[in-house]
Amino acid sequence: MFMGFVIYSIAALVFLLIGFGVRKSDGAAGFYTFAKKPVVKDVKKYNHAVSILWFAAAAVLELAGVPFLFLEQNSPFFIVVILEVMLLVLAMMFAYARIEAKYRG
């Protein structure tokens, strides 16, 4: 199940790269695909907060992939691992809504 961990690690690396890209962005960074970028009061602080969200999500995703190193194939515990990722996505959406509300212009 090492391959599952590698896939989670690659996804976490992509999240990290998105976080670095957001942090270096000059304009307000969008969060949702194909959504209009928000108008914010302080672009630098907004981008900093969104990049921290991406960094935290990368760390949680990497930790969620650790059970792949120890579980056997077809283990029922994989349901918990998948639910962790679903909760991560929901938590990211909720956290981003709070960030956007805080910095909305």
Side-chain angles (χ1 to χ4, degrees):
M1 293 309 307
F2 182 73
M3 194 60 172
F5 178 73
V6 170
I7 292 169
Y8 268 57
S9 296
I10 290 170
L13 178 64
V14 169
F15 280 17
L16 277 175
L17 293 175
I18 292 171
F20 285 123
V22 167
R23 185 162 292 213
K24 293 182 183 268
S25 178
D26 293 332
F31 184 75
Y32 297 109
T33 305
F34 302 118
K36 195 166 96 174
K37 293 182 181 181
V39 177
V40 295
K41 296 180 279 191
D42 189 350
V43 173
K44 188 173 183 176
K45 286 183 181 179
Y46 167 79
N47 284 348
H48 182 74
V50 173
S51 69
I52 289 174
L53 173 63
W54 283 109
F55 294 152
V60 170
L61 188 62
E62 186 68 24
L63 290 175
V66 169
F68 281 108
L69 295 173
F70 304 106
L71 295 176
E72 293 186 22
Q73 191 166 357
N74 298 328
S75 172
F77 188 72
F78 284 123
I79 294 171
V80 175
V81 175
I82 299 303
L83 289 175
E84 287 175 348
V85 174
M86 291 172 56
L87 289 174
L88 171 64
V89 170
L90 291 173
M92 285 179 70
M93 290 174 15
F94 177 73
Y96 176 73
R98 293 191 63 196
I99 291 170
E100 186 179 5
K102 181 178 179 181
Y103 292 104
R104 186 176 298 136

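Just so we're clear, the structure is a prediction, and the values are computed from it rather than from any experiment. Numbers here simply count residues along the sequence, with the first being 1.
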task = Check whether Ile99 and Val89 end up in the same hydrophobic cluster, where Ile, Leu, Val, Met, Phe, Trp and Tyr are linked by side-chain heavy atoms less than 4.5 Å apart.
result = yes
inquiry  = With a 4.5 Å cut-off on side-chain heavy atoms, are Phe2 and Leu69 touching?
reply    = yes
key: Crowding at OH, Tyr32 (>12 non-hydrogen neighbours, <6.0 Å)   = yes
ask   = Among Val60, Leu61, Leu90, which residue meets the side chain to side chain contact (heavy atoms under 4.5 Å, CB included) test with Val85?
value = Leu61
query = Taking everything shown except Ile79 itself, do over 12 heavy atoms lie less than 6.0 Å from its CD1?
reply = no
ask   = Got a second to check how far Trp54's CH2 is from Leu16's CG, nearest 0.5 Å?
value = 11.0 Å
inquiry  = If hydrophobic clusters are built from ILVMFWY residues whose side chains come within less than 4.5 Å, do Phe78 and Leu83 share one?
reply    = yes
task = Take Ile7 and Ile10 through the side-chain contact (heavy atoms from CB on, under 4.5 Å) test and state the conclusion after the steps.
result = CA-CA 5 Å; Ile7 292 169; Ile10 290 170; 5.6 Å; no
inquiry  = Just verifying a value: how many Å separate Leu13 CG and Ile18 CD1, rounded to the nearest 0.5 Å?
reply    = 10.0 Å
Under 3.5 Å, which donor-acceptor pairs link side chains of residues 21-31 to any protein atom two or more places apart or in another chain?
unit_1	atom_1	unit_2	atom_2	d
Arg23	NE	Ser51	OG	3.0
Arg23	NH1	His48	ND1	3.4
Arg23	NH2	His48	ND1	3.2
Arg23	NH2	Ser51	OG	3.0
Ser25	OG	Gly27	O	3.0

note = Applied to residues 84-103, the side-chain hydrogen bond (donor to acceptor under 3.5 Å, both in side chains) test, sequence neighbours excluded, yields Tyr46-Tyr96
Joint cluster assignment, Phe15 & Leu63, ILVMFWY side-chain distance < 4.5 Å = no
task = Kindly compute the distance separating CZ (Phe68) from OG (Ser75), expressed to the nearest 0.5 Å.
result = 10.0 Å
ask   = Are Val39 and Val50 joined in one hydrophobic group, where the rule is that I, L, V, M, F, W and Y side chains link up if heavy atoms are under 4.5 Å apart?
value = no
key: Closest approach of Gly65 to Phe5 (non-hydrogen atoms, all atoms of both residues)   = O-CD1, 3.2 Å
key: ring pair (Phe, Tyr, Trp, His ring centres under 6.0 Å) involving Phe77 - partner list, sequence neighbours excluded   = none
message = Same cluster or not: Met93 versus Ile52, using hydrophobic residues (I, L, V, M, F, W, Y) connected whenever any side-chain heavy atoms lie under 4.5 Å apart?
response = no
